[in-house]
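Below: the structure, in structure tokens.
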Amino acid sequence: MNYADGSSGPLPVGPLVPGHEIVGRVTATGPEVTRHQVGDLVGIGCMVNSCRTCENCRAGQEQYCLEGNTLVFGAPDPAEPGAHTRGGYSEAIVAPEASPSASPRRSTLPPPLRC
């Protein structure tokens, strides 16, 4: 809500629908993905990506990524150069395999909160 109330400064891009804690179904996977399958119920927190190679990322502190992390709202979208992430109310989101957390198979409950 920091963008909505202006406490984080002006909106980086617009229009922007603030929101995170994305919950949805996997609709496609890359050829090397093993943790998730099409149809899995998954959740993503406020970050969708980081470099995963710097000292902070390797220590599990992706929020302090030395290369810069990708937030789910208002960040440049590495999956679509020139575009920006649009928040948890987006129609779809692309995420690396490590980012989403999964619900147990056959569960109808959402994945654990990530925030």
Side-chain angles (χ1 to χ4, degrees):
M1 298 314 308
N2 299 83
Y3 283 127
D5 71 10
S7 62
S8 290
L11 290 175
V13 295
L16 176 71
V17 178
H20 59 282
E21 295 296 334
I22 299 169
V23 175
R25 298 262 176 208
V26 175
T27 59
T29 63
E32 297 181 21
V33 172
T34 59
R35 287 182 51 194
H36 307 292
Q37 297 175 6
V38 171
D40 284 355
L41 184 62
V42 296
I44 297 175
C46 65
M47 290 184 306
V48 69
N49 207 352
S50 69
C51 80
R52 297 183 306 280
T53 59
C54 73
E55 179 181 356
N56 293 342
C57 286
R58 288 192 316 270
Q61 300 292 315
E62 293 89 351
Q63 68 271 30
Y64 301 116
C65 177
L66 298 174
E67 301 296 321
N69 59 49
T70 304
L71 297 175
V72 299
F73 48 90
D77 187 346
E80 191 176 336
H84 288 77
T85 57
R86 299 289 183 192
Y89 300 104
S90 298
E91 183 177 309
I93 191 162
V94 175
E97 180 177 20
S99 184
S101 59
S103 282
R105 298 247 190 260
R106 298 186 195 92
S107 174
T108 58
L109 299 174
L113 293 178
R114 303 281 312 261
C115 221

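Please read all numbers here as calculations on a predicted model, not as lab measurements. All values below were derived from every heavy atom in this structure, side-chain atoms included, with hydrogens, water molecules and symmetry-related copies excluded.
- The side chain to side chain contact (heavy atoms under 4.5 Å, CB included) test applied to P96 returns N49, R52, S99, not counting sequence neighbours.
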Which donor-acceptor pairs under 3.5 Å do side chains of residues 69-77 form with protein atoms, sequence neighbours excluded?
unit_1: N69; atom_1: ND2; unit_2: Q63; atom_2: O; d: 3.2
unit_1: D77; atom_1: OD1; unit_2: A79; atom_2: N; d: 2.9

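- Contact between H36 and V26 at its shortest, heavy atoms only, is CB-CG2, 4.2 Å.
- For E67, the side chain to side chain contact (heavy atoms under 4.5 Å, CB included) test picks out C51, C65, with sequence neighbours left out.
- Atoms OG1 and CD1, from T27 and I93 in turn, are 11.5 Å apart once rounded to the nearest 0.5 Å.
- Rounding to the nearest 0.5 Å gives a distance of 11.5 Å between OG of S50 and CZ of R58.
- For the atom pair OG1 of T34 and CD of E97, the computed distance is 4.5 Å after rounding to the nearest 0.5 Å.
- Although no hydrogens or angles enter the test, the distance criterion places no donor-acceptor pair under 3.5 Å between the side chain of R25 and the main chain of D40.
- Separation of atoms OG1 (T85) and CE (M47) is listed at 12.5 Å; rounding is to 0.5 Å.
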